[in-house]
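Have a look at the structure below before the remarks.
Residues: numbered from 1 along the sequence shown. On a predicted model such as this, the values are computed, not experimentally measured, just so you know.
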Amino acid sequence: LNLTKEVKTMEYGKAIKKAMIDAEIKDALALSKITGVSYNKVTRLLKSDGTCRLMDLFTVADYLDIKLTFKRNTES
């Protein structure tokens, strides 16, 4: 899965959910076991609440083949 659309900062949970469906991963517990990221952290990532470490997001995104791109916020 290569996401060509920009994923806004707080919308990464939607991208993860879509990738989970494509990879036939049924729930957060299964994703947690596969990636080694704790269940609580995975559920927070799926909620896009911004409370997880970037490393956890990188780990899950890497497993699901989601390309992350960071851009500087130019809004004041």
Side-chain angles (χ1 to χ4, degrees):
L1 173 68
N2 186 2
L3 298 178
T4 54
K5 293 182 183 178
E6 289 183 31
V7 177
K8 294 185 181 179
T9 304
M10 293 301 182
E11 294 181 0
Y12 52 82
K14 290 179 185 178
I16 293 170
K17 288 175 187 175
K18 181 182 180 330
M20 286 174 64
I21 292 167
D22 294 344
E24 298 180 1
I25 299 171
K26 65 179 183 172
D27 56 24
L29 183 59
L31 183 60
S32 173
K33 288 180 180 179
I34 293 167
T35 61
V37 175
S38 77
Y39 172 77
N40 290 331
K41 291 177 183 178
V42 169
T43 57
R44 291 194 326 245
L45 284 169
L46 292 171
K47 292 178 187 176
S48 299
D49 69 1
T51 62
C52 288
R53 297 180 319 159
L54 283 176
M55 196 64 209
D56 297 325
L57 177 58
F58 292 154
T59 301
V60 170
D62 185 52
Y63 180 81
L64 294 172
D65 200 26
I66 297 172
K67 180 182 176 191
L68 298 174
T69 304
F70 295 91
K71 293 184 179 184
R72 177 175 291 162
N73 186 355
T74 55
E75 296 178 19
S76 335

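- The backbone N or O of Ala28 lies less than 3.5 Å from no partner atom in the side chain of Ser32, so there is not a single donor-acceptor pair.
- Leu64 has its side chain out of reach of Thr35: every pair of non-hydrogen atoms, C-beta onward, lies at least 4.5 Å apart.
- Under the 4.5 Å side-chain heavy-atom criterion for ILVMFWY residues, no single connected hydrophobic cluster contains both Met55 and Tyr39.
- To the nearest 0.5 Å, atom NZ of residue Lys17 and atom NZ of residue Lys47 are 9.5 Å apart.
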(request) Given side chain to side chain contact (heavy atoms under 4.5 Å, CB included), test Ile16 with Leu57 step by step and report yes or no. (result) CA-CA 9 Å; Ile16 293 170; Leu57 177 58; 4.1 Å; yes
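- Between Arg53 and Lys41 the shortest side-chain heavy-atom distance falls below 4.5 Å.
- Ile25 is listed as a side-chain neighbour of Tyr63, based on a closest heavy-atom distance under 4.5 Å.
- One finds the CG atom of Leu45 at 8.5 Å from the CG atom of Leu31 (value rounded to the nearest 0.5 Å).
- The two residues Ser48 and Gly13 have their closest heavy-atom pair at OG-N, 2.6 Å.
- Closest approach of Leu68 to Phe58, counting heavy atoms only: CD1-CD2, 3.4 Å.
- For Thr51 and Asp49, the side-chain atoms include at least one donor-acceptor pair closer than 3.5 Å.
- Side-chain atoms of Tyr12 do not come within 3.5 Å of backbone N or O of Ala61 as any donor-acceptor pair.
- When every heavy atom of Val37 is checked against every heavy atom of Thr59, the shortest pair comes out as CG2-CG2, 3.7 Å.
- With a 4.5 Å cut-off on side-chain heavy atoms, Leu46 and Met20 count as touching.
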